[in-house]
Amino acid sequence: MPEKAILPKQKQVIPQEAPAIGVSVEGSEVTEKTGKLELPTFDALIDTSHYIDLFNRGKGSFDFTVTASQPWVKINKTQGTVSNEERLSVNIDWQALPYGTHEASLTIQSGNTQIPVSLRAINGKKPENSQPYFGNLSGSEFSIPAHLYNKNVPGKEAAWTALPDLGRGTACMGIQPVTAASTQPEDAPRLEYQVLLSDTGTVSLCIGILPTQDINPERGLRIAVAIDNETPEVIDARQGFVDTFGEYTPANLAQSPNLKPLPEQDRSIRFIGKGQARRTEVFDNQRWLTVKLNVKEAGMHTLKIFMTDPEIVLERIIVNPDNQHPSYFGAPEKVIQP
């Protein structure tokens, strides 16, 4: 809540007397006056269009034309007249584009004004995989809803189960029974997701769970994750815990035999970064856990999520979060069919 009932500073935008072209593109806050215009990467596996917005900075109307530097770039409208605003759709002719990474540009012209928009397109062979999967060729951010698993493997005493209408999507995944004993990965129920990872090295994950209290501090609150048959990495699920009642103070930690210091979040990942609006379990009703895993070989992999303690409810997994464009709940999910 604001400390005082005072309206924030406001500014009235007055259109110019003469019409003038303005341009902005999908995925960017800049305009032709404030920075370089570049469309999001086009990926053959995702095969989606991106848009360019033309808007009038003044009164009246202006004419425009759009030309592409390469024939494989397709625009739904190459000329027209704008009074208020116009949205252009840009697509790629994948049949005409060889495999590899390619660059092109669009030139938007109105009168003597020319505005360039750059773009990049990546085409490649579709992986041979018998199951639906998540991922892309560009190595950019993608999201996995927890309930869209490829395999649900029960443990010795518990199993992951879908919880419909819980969370912001279709369902979350929780443990049944919730009174099950904590366990090690080799005996734990696990969820498996088929993912395409286009690069080797380190992959960053943000794992979204519903906010959960530290109900058993002596035992902990944990979940484990692994790629393929690598040793699972156990994560302290109190990352991002909001200590509303000031329990985890140095004085309390020194006196309690059970309380453990709260783990730090990885602040290099802006998706859950400090100071980012709506980035806590209070506003999102979501706690983001971060982990970095090693990818030895590019291609199809199995991402595994193991129960360690039974109270955790899993909602969403974000792979390779984009620090240049920190989003609210991750990139829109896209299931790629075999």
List in chain and number order the residues that pass side-chain contact (heavy atoms from CB on, under 4.5 Å) with Pro217, two or more places apart in sequence or in another chain; answer none if no residue qualifies. Asp214, Asn258, Leu259
Checking the side chain of Arg219 only, and the main-chain atoms of Ser182 only, is there a donor and an acceptor separated by less than 3.5 Å? no
Applying side-chain contact (heavy atoms from CB on, under 4.5 Å), can you list everything that pairs with Ser268, at least two apart in sequence or on another chain? Asp266, Lys292
Verdict with reasoning, Trp288 to Ile318, per side chain to side chain contact (heavy atoms under 4.5 Å, CB included): CA-CA 10 Å; Trp288 293 104; Ile318 313 299; 3.7 Å; yes
Only distances under 3.5 Å count here; give the side-chain donor-acceptor pairs of residues 299-307 to other protein atoms, sequence neighbours excluded, each with its distance to 0.1 Å.
residue	atom	partner	partner atom	Å
His301	ND1	Asp228	OD2	2.6
His301	NE2	Glu297	O	2.4
Thr302	OG1	Gln194	NE2	3.0
Lys304	NZ	Asp228	O	3.0
Lys304	NZ	Asn229	OD1	3.2

Does Asn123 use its side chain to pair, donor to acceptor, with the backbone of Ala44 at less than 3.5 Å? no
Run the side chain to side chain contact (heavy atoms under 4.5 Å, CB included) test on Arg168 and Phe329 for me, step by step, so that the C-alpha distance in whole Å, both residues' side-chain angles and the decisive distance to 0.1 Å come before the verdict. CA-CA 9 Å; Arg168 296 174 186 259; Phe329 228 54; 3.5 Å; yes
Do Lys260 and Tyr248 have side chains that get closer than 4.5 Å, going by heavy atoms? no
Gly60 to Asn56 - nearest heavy-atom pair and separation: O-ND2, 3.0 Å
ring-ring contact (aromatic ring centres under 6.0 Å, His included) partners for Phe142, two or more places apart: none
Salt bridge or not for Arg57 and Glu32, using N-O below 4.0 Å? yes
Name every donor-acceptor pair, under 3.5 Å, that has one atom in a side chain of residues 63-73 and the other anywhere in the protein, sequence neighbours excluded.
residue	atom	partner	partner atom	Å
Asp63	OD1	Thr81	OG1	2.7
Ser69	OG	Ser105	N	2.9
Ser69	OG	Ser105	O	3.3

Considering only heavy atoms from C-beta outward, does the side chain of Phe42 approach that of Ser138 to under 4.5 Å? no
If I compare all heavy atoms of Glu141 with all of Pro321, which pair ends up nearest, and what's the gap? OE1-CA, 3.3 Å
Evaluate whether atom CD of Glu157 has more than 12 neighbouring non-hydrogen atoms of other residues, nucleotides or ligands under 6.0 angstrom away. no
So, Gln109 versus Gln114: side-chain donor-acceptor pair below 3.5 Å or not? yes
Side chain to side chain, Glu230 and Lys296, heavy atoms closer than 4.5 Å: yes
Salt-bridge test for Glu38 and Arg120: reply yes if a basic N is under 4.0 Å from a carboxylate O, no otherwise. no
Tell me whether Arg87 is salt-bridged to Glu85, with the criterion being a basic N under 4.0 Å from an acidic carboxylate O. no
same_hphob_cluster(Ile122, Leu197) at 4.5 Å side-chain heavy-atom cutoff: no
Do Asn216 side-chain atoms and Gly220 backbone N/O form a donor-acceptor pair below 3.5 Å? no
Under 3.5 Å donor-acceptor, Ser143 side chain and Glu333 backbone: no
Going by side-chain contact (heavy atoms from CB on, under 4.5 Å), name the residues that satisfy it together with Lys125, two or more places apart in sequence or in a different chain. Tyr99, Glu128
